[in-house]
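Here's the structure, in structure tokens; my notes come after.
We number each residue from 1, following the sequence as shown.
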Amino acid sequence: MCTLEKRGSLFILTFIGDGEHRLSPTLIDSVLSALCEVKSKATRGSVLITTSQGKFFSNGFDLAWAKAAGSSSKAMERLHHMVVSFKPVVAELISLPMPTVAAIQGHAAAAGFLLALSHDYILMRSDKGVLYMSEVDLGLRLPDYFAAVFRAKLHAISARRDVLLGGAKVKGEQAVRMGIVDAAYDSEGSLAEAATRLGEELASRKWNGDVYKEIRTSLYPDLCGVLGLGEGKFLAKL
């Protein structure tokens, strides 16, 4: 499960517990509900930080729940259900009217990796934690919006190749060099401090959230088209 806490201008979304934080239908619904609450309570200077407890940030979709359906066809139906249900989560993050920061305390794989990549800033640990897109190794096709996020957020063709076609398991310092994350830290405490510091710096700018959202979505027209996010028509009042 996840919790949502407000600390001044910062909203802290945390995956709680020591599990893998698999994105089951229940957890997906919980995250989407939290993001809707954040959006409804947003003010000038609001910032979202998403993080986790334990060894994992998120290890992707709940494949055990899918396999428990009893047959290959029913398992694929359940997997498809999670793919479809997760798309609005990505759309909410891309259209959230505030800066967003992912603080990756542990492993982030598949949909968990995509969740982190849907934020504006990504920080992770260098001592623990791995980024991994497992689809090529598992023989699973890449959903269209997954590919669109990687095209929008990961500009180096070689990085996209290694991650998506090579199944590379990328640790913190390497992720910085590849342009996937902004910085890596050598402990849970230093990562948490850095995420809070970055959040407070962003909050101090007191940006208009609607303007911020419109600028962000204008940067990723292909991604927004795949996510079903229309072109913004907001006009800032001077």
Side-chain angles (χ1 to χ4, degrees), residues 2-16 31-53 57-58 89-106 108 113-127 129 131 149 152-155 172-173 175-220 223-224 227 229 232-238:
C2 67
T3 61
L4 181 64
E5 177 186 0
K6 193 172 187 299
R7 303 177 194 166
S9 296
L10 306 184
F11 290 93
I12 314 295
L13 176 62
T14 306
F15 295 114
I16 59 174
V31 173
L32 186 58
S33 177
L35 292 177
C36 289
E37 181 179 347
V38 168
K39 182 168 65 175
S40 70
K41 295 180 178 179
T43 59
R44 277 184 177 267
S46 290
V47 175
L48 171 71
I49 298 175
T50 303
T51 188
S52 65
Q53 298 175 347
F57 177 75
S58 171
V89 171
V90 176
E92 284 292 338
L93 283 167
I94 296 299
S95 61
L96 206 64
M98 64 186 70
T100 58
V101 179
I104 305 176
Q105 296 278 21
F113 188 170
L114 192 82
L115 177 68
L117 207 59
S118 299
H119 291 70
D120 298 323
Y121 301 87
I122 307 176
L123 311 178
M124 70 179 292
R125 289 175 65 170
S126 56
D127 61 328
L131 304 176
V149 169
K153 293 300 193 80
L154 196 53
H155 297 152
E173 295 297 342
V176 174
R177 292 194 298 271
M178 293 173 71
I180 302 173
V181 307
D182 296 286
Y185 300 88
D186 60 6
S187 70
E188 180 178 351
S190 59
L191 172 62
E193 290 173 3
T196 299
R197 183 168 60 250
L198 174 58
E200 290 175 343
E201 289 172 358
L202 294 168
S204 70
R205 303 297 296 274
K206 297 292 183 182
W207 286 316
N208 180 305
D210 289 322
V211 171
Y212 190 91
K213 175 190 70 175
E214 295 297 333
I215 293 175
R216 183 203 288 121
T217 54
S218 72
L219 294 176
Y220 310 122
L223 172 58
C224 289
L227 293 173
L229 298 172
K233 298 179 180 179
F234 177 79
L235 296 177
K237 294 181 179 179
L238 301 178

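- Of all the heavy atoms in Cys36 and Glu92, the pair that sits closest is SG-OE2, 4.3 Å.
- Side-chain contact between Tyr220 and Leu229 is absent, with no heavy atoms from C-beta onward closer than 4.5 Å.
- A heavy-atom distance below 4.5 Å is not found between the side chains of Leu198 and Ile49.
- Closest approach of Thr217 to Cys224, counting heavy atoms only: O-SG, 3.5 Å.
- Rounding to the nearest 0.5 Å gives a distance of 11.0 Å between CG of Leu35 and CZ of Phe11.
- Pairs of residues two or more places apart, or lying in two chains, that qualify as ring pair (Phe, Tyr, Trp, His ring centres under 6.0 Å) and include a residue from residues 192-211 are Trp207-Tyr212.
- Between Leu117 and Leu131 the shortest side-chain heavy-atom distance does not fall below 4.5 Å.
- Contact annotation: the side chain of Met98 approaches that of Val38 to within less than 4.5 Å [non-hydrogen atoms, C-beta and beyond].
- The shortest heavy-atom contact between Met124 and Ala175 is SD-CB, 3.9 Å.
- Looking at heavy atoms from C-beta onward, Arg125 lies in side-chain contact with Glu188 at the 4.5 angstrom threshold.
- Atom CG of residue Leu10 and atom OG of residue Ser46 lie 9.0 Å apart, to the nearest 0.5 angstrom.
- Looking at Thr14, its side chain never comes within 3.5 Å of a backbone N or O of Ser52 through a donor-acceptor pair.
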Problem set entry | Step-by-step side-chain contact (heavy atoms from CB on, under 4.5 Å) determination, Val149 to Ile94 | CA-CA 10 Å; Val149 169; Ile94 296 299; 5.8 Å; no

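- Here the straight-line distance linking atom CG of Leu13 with atom OG1 of Thr50 works out to 4.5 Å at 0.5 Å rounding.
- Annotation: the span from Lys153 atom NZ to Ile180 atom CD1 amounts to 12.5 Å, rounded to 0.5 Å.
- Rounding to the nearest 0.5 Å places OG of Ser187 at 7.0 Å from CD of Glu193.
- In this view, Lys41 and Glu37 satisfy the side-chain hydrogen bond (donor to acceptor under 3.5 Å, both in side chains) rule, not counting sequence neighbours.
- Considering only heavy atoms from C-beta on, Leu227 comes within 4.5 Å of Val90 through its side chain.
- With a 4.5 Å cut-off on side-chain heavy atoms, Leu202 and Asp120 do not count as touching.
- Between Ile104 and Ala116 the shortest heavy-atom distance is CD1-CB, 3.6 Å.
- In this structure, Phe57 and Thr51 approach most closely via the heavy-atom pair CE1-CA, 4.1 Å.
- Contact check for Leu191 versus Gln105: side-chain heavy atoms found under the 4.5 Å cut-off.
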For this session: Could you give me the CA-CA distance, side-chain angles and deciding distance for Thr196 and Ile12, then say whether side-chain contact (heavy atoms from CB on, under 4.5 Å) is met?
Result: CA-CA 9 Å; Thr196 299; Ile12 314 295; 5.8 Å; no

For this session: Test Leu123 against Asp182 for side-chain contact (heavy atoms from CB on, under 4.5 Å), laying out the working first.
Result: CA-CA 6 Å; Leu123 311 178; Asp182 296 286; 4.1 Å; yes

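- Minimum interatomic distance between Arg216 and Leu96 (heavy atoms only, all atoms of both residues): NH1-O, 2.7 Å.
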